[in-house]
Asker: 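Let me give you the structure first, and then I'll get to my questions.
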Amino acid sequence: MASPFSRQANYRRESVSDESVDLGTNGLEQEKARRLGSLDALRAQGTNPYPYRFDRSHTLGEIRNEFGTLEAGSETETHVTVAGRILLKRDQGKLIFATLQDRETSIQLFVSKAIVGDDAFDAINNLDLGDWVGATGIVMTTRKGELSIKVDSVVLLSKAVRPLPDKWHGLTDTDTRYRQRYADLIGNEESRRMFAVRHAVIASFRRTLHERGFIEVETPVLHVEPGGAHARPFVTHHNALDMTLYLRIALELHLKRLIVGGMERVFEIGRVFRNEGISTRHNPEFTMMELYQAFADYTDIMDLTEVLFVNAANDATGSSTVLIDDIPVDLAKPWRRVRMIDLVKEATGVEVHPSQPREQLVSLAEKHGVKVLPHFGPGKIIEELFEATCEAALREPTFVTGHPVEISPLARVDRNDPYLTERFELFVGGRELANAYSELNDPVEQRLRFEDEQKSKEAGNAEAGSVDEDFLRAMEYGMPPTGGLGIGMDRLVMLIGNAQSIRDVILFPTLRLEAF
RNA sequence: GCGCCUUUAGCUCAGCUGGUAGAGCAACGGACUUUUAAUCCGCAGGUCCUGGGUUCGAGCCCCAGAGGGCGCACCA
């Protein structure tokens, strides 16, 4: 930076006390102008409203832990230095009570004119709600027992020039909460809690998997061929290579390449992108955890899935019980394991199997209001029947197994039934949370499955995959028997945190362009 | 993409049968040395989402559009 001083001067606002500056016509503009005016006043008296750093001796949570049981009307000898944002101010004349909030909690500042002196008292009185400050003082409790810091000095750490949302209600407008997540987090305890749950769930997964010898890896987000799931991709372009690239729709195919490479147990927690509708359960970008474990099959993966969920719930909330549709369900009990075709039979009273003639299944489907497209084979029709008649009713955790081969191009054929695969999807609260297989590792069969996908795609199935030659080459080097698992982390956080919309567990959900 | 709901002060919300815009908080001025969403007195703040239309008169009724929510569709 060649000329720091002139640069800084360029960033500095003109004084708003100049008559040339328009004070604005609405309340917000007037309030911002007032706060910008106090910035100028601070600078004029030699105070930097945006200092570079600050050392604190305690977080507010540490003070609460240490002194939370102090009885009313006590004063300690402990002198502390804290930092946070001023959320509330209660002016008593010669006393000010201010609520200071940091990341964990809030604590009251007790400011007495007699202690800090007239000038400092005025300066503190001129602080605005939303300002960041550092404060020093001794730990005390008021007569009513409120844990407080009896302040001897306060320094401004950052001036807020825009007013906070309502001090009591916070933000309620969902649009503003999602667009201005920063303002949502300042005012809404529930929002802060939800993202704490999210962090705890993801940290718990890493812990459980590290304990079991899994290695965390990172694979490409930009794919030459979007595979590993059925979904429409986002398309982009690399200029220097002049090639079309796709944002990944799944992590699967690269992680399996690592199993071929001998890494034995790998996982990745990463963003995937699907160019499809937005709903309370769908965001165009979302977080997937996939893992692959050599020498395991899908039943081993079911056991592991139960452990991952129970640990995550315990780590995030201290309990393995979650609310599903407001009903408590203990995740620690073993989950039901049932074949898709058996569930469809339960729901329809009719035996179904992918070996049946297509026409039979078509008429059953039509009886249940299922739309059958020309490229649907028997297996796809059974899945559609399942979705229409069973899925929403699967409230308690249920492993749905034995998906037809036709809809499972990467899963291994069931050792007891050549029409089905060794696969499960986990449903909780009517939502799909996980998908897993005994992974197909026969390169010749895998090529045939890909070719079937390719034919389906050519027949008009926009979601079908195509032949991934590099993946097949990897398979040819030999992949050990392997169990694999994919979990939609956002939906899991919704379950454990009891969120009603996926947007409540994503900090910055995808929204339409905002008009400024 | 379709249907229903919604949009009023910085924030949270009222607004009757169509009669000319309201409250609380925040802000501003004042009182107050133990408050807890402090309280009390005073004052100020508006593109009623946007554009048309009906009407003597529209926040309110009609039409079109935009943002948001929910449901459906889509979606392994």
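Heavy-atom basis, side chains included; hydrogens, waters and symmetry copies ignored. Residue numbers begin at 1 in each chain, while the letters A, B, ... track the order of the sequences.
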Asker: Indicate, with a heavy-atom threshold strictly under 4.0 Å, whether A114(A) touches base, sugar-phosphate, or nothing.
Answerer: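 A114(A): base contact, heavy atoms under 4.0 Å.
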
Asker: So do L255(A) and T219(A) actually touch side chain to side chain, heavy atoms under 4.5 Å?
Answerer: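 Contact flag for T219(A)/L255(A) side chains = yes.
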
Asker: Checking side-chain hydrogen bond (donor to acceptor under 3.5 Å, both in side chains) against Y178(A), which of D504(A), D184(A), T510(A) comes through?
Answerer: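 Between Y178(A) and the candidates, side-chain hydrogen bond (donor to acceptor under 3.5 Å, both in side chains) is satisfied uniquely by D504(A).
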
Asker: Could you pull out the closest heavy-atom pair between V467(A) and E225(A), with the gap in Å?
Answerer: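 For V467(A) versus E225(A), the nearest heavy atoms are O-OE1, 4.4 Å.
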
Asker: Taking only the side-chain nitrogens and oxygens of K167(A), find out if one of them lies under 4.0 Å from OP1 or OP2 of G10(B).
Answerer: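 K167(A) to G10(B) OP1/OP2: no side-chain N or O under 4.0 Å.
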
Asker: When F399(A) is tested against each of F424(A), F427(A), F309(A) for ring pair (Phe, Tyr, Trp, His ring centres under 6.0 Å), which residue passes?
Answerer: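 It is F424(A), the one option of F424(A), F427(A), F309(A) that forms the ring pair (Phe, Tyr, Trp, His ring centres under 6.0 Å) with F399(A).
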
Asker: Can you check each nucleotide of nucleotides 66-76 of chain B against protein heavy atoms at under 4.0 Å and return B for base, S for sugar-phosphate only, - for none, in 5' to 3' order?
Answerer: -SSSSSS-BBB

Asker: May I ask you to decide if the ring planes of F97(A) and F110(A) are parallel, tilted or perpendicular, using 30° and 60° as cut-offs?
Answerer: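 The arrangement is perpendicular - the two ring planes meet at more than 60°.
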
Asker: Are R34(A) and C28(B) close enough that a side-chain N or O sits under 4.0 Å from OP1 or OP2?
Answerer: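 R34(A) to C28(B) OP1/OP2: side-chain N or O found under 4.0 Å.
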
Asker: If you write RNA chain B from 5' to 3' in dot-bracket form, with Watson-Crick or G-U pairs under 3.5 Å, [ ] for crossing pairs and | for pairs with another strand, what do you get?
Answerer: (((((((..((((.....[..))))..((((.......))))......(((((..]....))))))))))))....

Asker: Classify the side chain of D166(A) versus the base of G10(B) as yes if they form a donor-acceptor pair under 3.5 Å and no if they do not.
Answerer: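 Absent.
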
Asker: Rounding to an integer number of angstrom, what distance separates C11(B) and C48(B) when you compare their P atoms?
Answerer: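 Those two atoms are separated by 15 Å.
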
Asker: Base, sugar-phosphate, or nothing: which does G486(A) touch, judged by heavy atoms less than 4.0 Å apart?
Answerer: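 Here G486(A) touches no strand at all.
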
Asker: Apply the side-chain contact (heavy atoms from CB on, under 4.5 Å) test between D414(A) and each candidate in L420(A), T421(A), T401(A); give the one that qualifies.
Answerer: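 For D414(A), the side-chain contact (heavy atoms from CB on, under 4.5 Å) test succeeds with only one of L420(A), T421(A), T401(A), which is L420(A).
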
Asker: Indicate, yes or no, whether a donor-acceptor pair under 3.5 Å links the base of U35(B) to the side chain of Q108(A).
Answerer: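 In this structure, the two groups form a donor-acceptor pair.
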
Asker: Taking OP1 and OP2 of A38(B), is either one under 4.0 Å from a side-chain nitrogen or oxygen of R90(A)?
Answerer: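 Result: yes.
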
Asker: Could you pick out which residue, L164(A) or K113(A), lies toward the 5' side of RNA chain B when each is mapped onto its nearest nucleotide?
Answerer: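 Nearer the 5' end of the strand: L164(A).
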
Asker: Say you pick atom C1' in A14(B) and the same atom in C4(B); how far apart are they, in whole Å?
Answerer: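 Looking at atom C1' only, A14(B) and C4(B) are 24 Å apart.
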
Asker: Is T142(A) side chain donor-acceptor paired with the U35(B) base, going by distance under 3.5 Å alone?
Answerer: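 Present.
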
Asker: Closest-nucleotide mapping onto RNA chain B: is L129(A) or S112(A) further toward the 5' terminus? I mean the 5' end.
Answerer: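 Nearer the 5' end of the strand: L129(A).
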
